[in-house]
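What follows is a single structure, written as C-alpha cells, with notes after it.
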Number of protein chains: 2
Amino acid sequence: MTLELVSQNRSFGGWHKQYSHRSESTGCDMRFAVYLPPQAETGKVPVLYWLSGLTCTDENFMQKGGALKVAAKLGIAIVAPDTSPRGQGVPDDEEGAYDFGLGAGFYLNATQEPWSKHYRMFDYVVTELPKLIERHFPVTSKKAISGHSMGGHGAMTVALKSSDQYCSVSAFSPIVNPVNCPWGQKAFLNYLGNDRESWKQYDSCELMSALSPNDKKIPMLVDQGTLDNFLVDQLQTRTLEQCAEVASYPLELRYQEGYDHSYYFIASFIEDHLRFHHQYLMK
Amino acid sequence: MTLELVSQNRSFGGWHKQYSHRSESTGCDMRFAVYLPPQAETGKVPVLYWLSGLTCTDENFMQKGGALKVAAKLGIAIVAPDTSPRGQGVPDDEEGAYDFGLGAGFYLNATQEPWSKHYRMFDYVVTELPKLIERHFPVTSKKAISGHSMGGHGAMTVALKSSDQYCSVSAFSPIVNPVNCPWGQKAFLNYLGNDRESWKQYDSCELMSALSPNDKKIPMLVDQGTLDNFLVDQLQTRTLEQCAEVASYPLELRYQEGYDHSYYFIASFIEDHLRFHHQYLMK
C-alpha cells in the first residue's frame, strides 16, 4: 500500500494532492485526489468522499466544484477517486462510448467478462480507498459521501448498502433508478449480465424500497436542477421522491429552478452540502 | 454588433453565458464569457474584466477561478475574453507552440506580418469589447481589470496605458517585465518586430517607470506565489516591486507562501481581489 505523489498545490491554506497507487480491488494503478484543510496540520479531520460523473476523473470536482474554500473553513478533508479503472489491460467500450467502460465504472463490482477483473469500483470506494486514506493521512474514521450524476448514484447506493460506514450522504443530479434508464441499463447489462434481479443491489430506489423500518437510515440531501437536460430520460428524480416517502427515508430533496447538469450548478450549492455533512461528521 | 449565444448556465442565482460575435478589431469571430450576478436583473452593475493566461480560453477562469460566488454576493459582472484571435485564416505559431500564436495574443496590437491583421487584442479588450458589453448588458461604465500570468501582464499594461478607463487593476502571477523574459521576447519580436523601443509600450515595468508624478495612478493589487515555477525566469516580480517604489505607484504586492502558478492559487485569493475592486467600483 504505497502511494506515489503525482502533484500538489497549496489551496486555501491547505493542500490539494494527487496520488497514484496499485489497487488490489481493480487490479490496476488508480489515481485519486485529496484535499487536506489547514486543520489537518494540527489534528485529525473527517472525510467527505466525492464520486464524479461520466467522463470525469479525480480532477473535475477539485478544480470546478468550488468546495475547497468551504472545506478549509469547516475542517473537512475531501477525497475524490477516479470514475473507473484505467491503464494497461483495462478494457473499454468497443466504440469508446462516453457512458460505458473507461470513465463510467458506475461504482459497482462487475460480474461479467471481460469487465469483472478490473471494474470493481464498489470494493475500491467502500473498502480499499478509505483504508488507504486512514492509513496515510491525518483523518478520523468519520466519513460522508457525495457525488454528481453517475457519482450521485454511486454515493447513494454506497450509503444505502453500507450505512454503518457513513454519517451522511448527498448528491447532485443523481441517477436514482438506473435499472429503468438508458445509461443504467446499458451499464448493468454489460457489467452484471442478463439477470435483472442482480441489478437491484446497485439501484437507489430499489435499495430504499427494500429497507425495513428498523434499518439504519442516514440523512440524505439531493439537489436537482429543473433545467437539467437529463432529468426526464435518465435521472427520474420523482421516482426517488416516491420511494423515500413510502420508506419514510430522511431525504431532503430540493429542485433548483433554472439550474442545469453542469459544475456551475454544483458550485452554486456545494457549500450547503458541506455544511449538511459537517453537522453529522462533527457529532 | 450582434451577439450569438453559445451557452448559458444558471450560477449562484445569476447567469454564466458564452457569446460569439464578429470582431472588427481582430477580423474574426471572437468568443467571450460573461457572468451576470443576480443584481443585474433589477439594475446596472459594474464590470470586472478578466484576462487569462497562455493556452486559456474564456472558460478557464469561469470554471476554475471560484469568483462567481463572490461576484454574486458583491453585485459585480465578470467578462472574460479569449486569449487570442482564432478561427479560419488566423495564423498560428508554425510549430504550434503554447507560448505564441493561438492562445497567446499577449493583449497587444501586432505590427508585423502575418500577425498584424488579426492579433489586435489590445484594441479588442480596451475599446471594442467594453462597448459591446455596455450596449448589450445591464452594466454601468465602471470597470476594473484583472488577470493571470500573460493575462496579468495584459491587465496591468492595459490599466497603465488607459488609466482613465479603469477604477482599479489586479493580477495573479503577472509577467511584469516581458521585454526581459523569454516568453515576452519571443512574442514581442514576432508581433512587434526588431525595434525594442516599440516593445516598451506593452511592458508594465517600463510603463510604470515612464509615468510622471502627475499621471493618474489607479490602485493595483498583485498576488505572487513563492513556489511558482515561472517566478525566476519569466515573472520577475522583484523588478515590479522596484519600479513601483521609484514611481511611488500605489501597488500592494503580496508574496503568498507555498502557492504555485495554478488555478488553485487564483481560487484561494480571488475573493480578496474582488473585494479590492469592489471598493473602487462602488465609489
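Letters A, B, ... mirror the listed sequences (proteins, then strands); counts begin at 1.
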Practice prompt. Quick one: closest heavy-atom pair of A/A267 and B/F12, and the distance?
Written response: O-CZ, 3.1 Å
Worksheet item: Do you know which two heavy atoms are closest between B/R10 and A/S268, and how far apart they sit?
Response: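 Nearest pair, atom of B/R10 first, then A/S268: O-OG, 4.4 Å.
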Worksheet item: Below 4.5 Å, heavy atoms only, C-beta onward: do B/K69 and A/V70 meet side chain to side chain?
Response: yes
Discussion item. Quick check against the 3.5 Å criterion: does B/Y259 have a side-chain atom that pairs as donor or acceptor with the backbone of A/G13?
Written reply: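 Checked: pair present.
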Worksheet item: Which residue out of B/E257, B/M62, B/H261, B/Q256 racks up the most heavy-atom pairs below 4.5 Å with chain A?
Response: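 Among B/E257, B/M62, B/H261, B/Q256, the one with the most close pairs to chain A is B/M62.
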Worksheet entry | Heavy-atom proximity to chain A below 4.5 Å, by part of B/N9 |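 For B/N9, the contact with chain A is made by backbone and side chain together.
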Worksheet item: Got more than 12 heavy atoms from elsewhere within 6.0 Å of CD, A/E4?
Response: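 No, the 6.0 Å shell around CD holds no more than 12 heavy atoms from other groups.
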